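Whatever order the structure lists ligands and atoms in, that order sets their numbers, starting from 1. If you're wondering where the values come from, they're calculated on a predicted model, not measured in any experiment.
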Amino acid sequence: MERKDTLYATAQIDIAGFRFDKSVVDVFPDMIQRSVPGYATIISMTGTMAERYAQPNSRCYDLGCSLGASTIAIRDGINVPGCEIIAVDNSPDMIRHCRQVLRTEKSATPVTLLCEDIQKLEFRNASLVVLNFTLQFVPLPQRDGLMQKISRDLRPGGALVLSEKIRFDHPQHDRLMLELHHDFKRANGYSDLEISQKRSALEEVLVPETPQAHRERIKTAGFSSVDLWFQCFNFASFVAIK
Ligand code: GEK
């Protein structure tokens, strides 16, 4: 049964930096649903992207797969023969649990699960690379290199789906989006204490960038086009084509 996220419900004296450990894994589906506006839409449309962009006899990568929600959507969307999905996460607790989740789901498309840092990968023969809320956890100076590798290895006509928490240059607009996100969390049952303690835990761990910064990185890396296909408050998803 899915457990409710109460990790930040009681006051903590010292708030440690957020980590994807066993305590997070246990509540992850509830946590992400109640924290990320549009999460269910983004996951289901990731399947729609797979339907359109997965090429026969190619690989689809799900980077930062957590418990496999995007992996399953990709798997359900693929309708060409000979595809393989590579799902990657550097949290051993996530990978362990994801393996159990995937075992209960049957499909003709094989999934290889890797417990690895996505920065160490090559993306040979990829037709689709999905980064759903993962790039935001990669240290800033390393994001350009990762994007360049993805662009270099993608097949022509291949696609990148990048979903992120974003920030805005205009301070008033940034504040408004932040407040609307907090309203969303409050409406989903999180208290002010939970919201503020989680915010502290993520402070130096999740580093959002502006939509312009994402577009520039993606274009500079060599993609032929990039645009937003979804946004709700300070959460957005881009699709880029090589
Ligand atoms: C979903 N995509 O449900 N290498 C590999 N994994 C990483 C790295 C890294 N360098 N950094 C972070 N992660 C999922 C949700 S969650 C988003 C993704 C969130 C992993 C980390 O362990 C975690 O499982 C995932 O990226 C981010 O569609 O919790 O806000």
Contacts table for ligand 1: protein N or O within a distance under 3.5 Å of ligand N or O, distances only.
from     : atom 1 : to     : atom 2 : distance (Å)
ligand 1 : 2 (N)  : Gly64  : O      : 2.8
ligand 1 : 2 (N)  : Asn132 : O      : 2.9
ligand 1 : 3 (O)  : Tyr39  : OH     : 2.5
ligand 1 : 4 (N)  : Ile118 : N      : 3.0
ligand 1 : 6 (N)  : Asn90  : N      : 3.1
ligand 1 : 6 (N)  : Asn90  : OD1    : 3.3
ligand 1 : 10 (N) : Asp117 : OD1    : 3.0
ligand 1 : 22 (O) : Asp89  : OD1    : 2.6
ligand 1 : 24 (O) : Ser66  : OG     : 2.8
ligand 1 : 24 (O) : Asp89  : OD1    : 3.3
ligand 1 : 24 (O) : Asp89  : OD2    : 2.6
ligand 1 : 28 (O) : Ser70  : OG     : 2.8

Pairing donors with acceptors under 3.5 angstrom, does anything connect the side chains of Asn125 and Arg155? yes

Can you tell which of Val161, Val138, Ile150, Asp62 makes a side-chain contact (heavy atoms from CB on, under 4.5 Å) with Leu131? Ile150

Is a side-chain donor-acceptor pair under 3.5 Å present for Ser23 with Asp21? yes

Do Arg167 and Asp169 sit within salt-bridge range, that is, some charged N less than 4.0 Å from a carboxylate O? yes

Note, Gln148 side chain near Asp144 side chain (heavy atom, < 4.5 Å): yes

Does the plane of the ring in Phe133 sit parallel, tilted or perpendicular to the ring in Tyr39? Use 30° and 60° as the thresholds. tilted

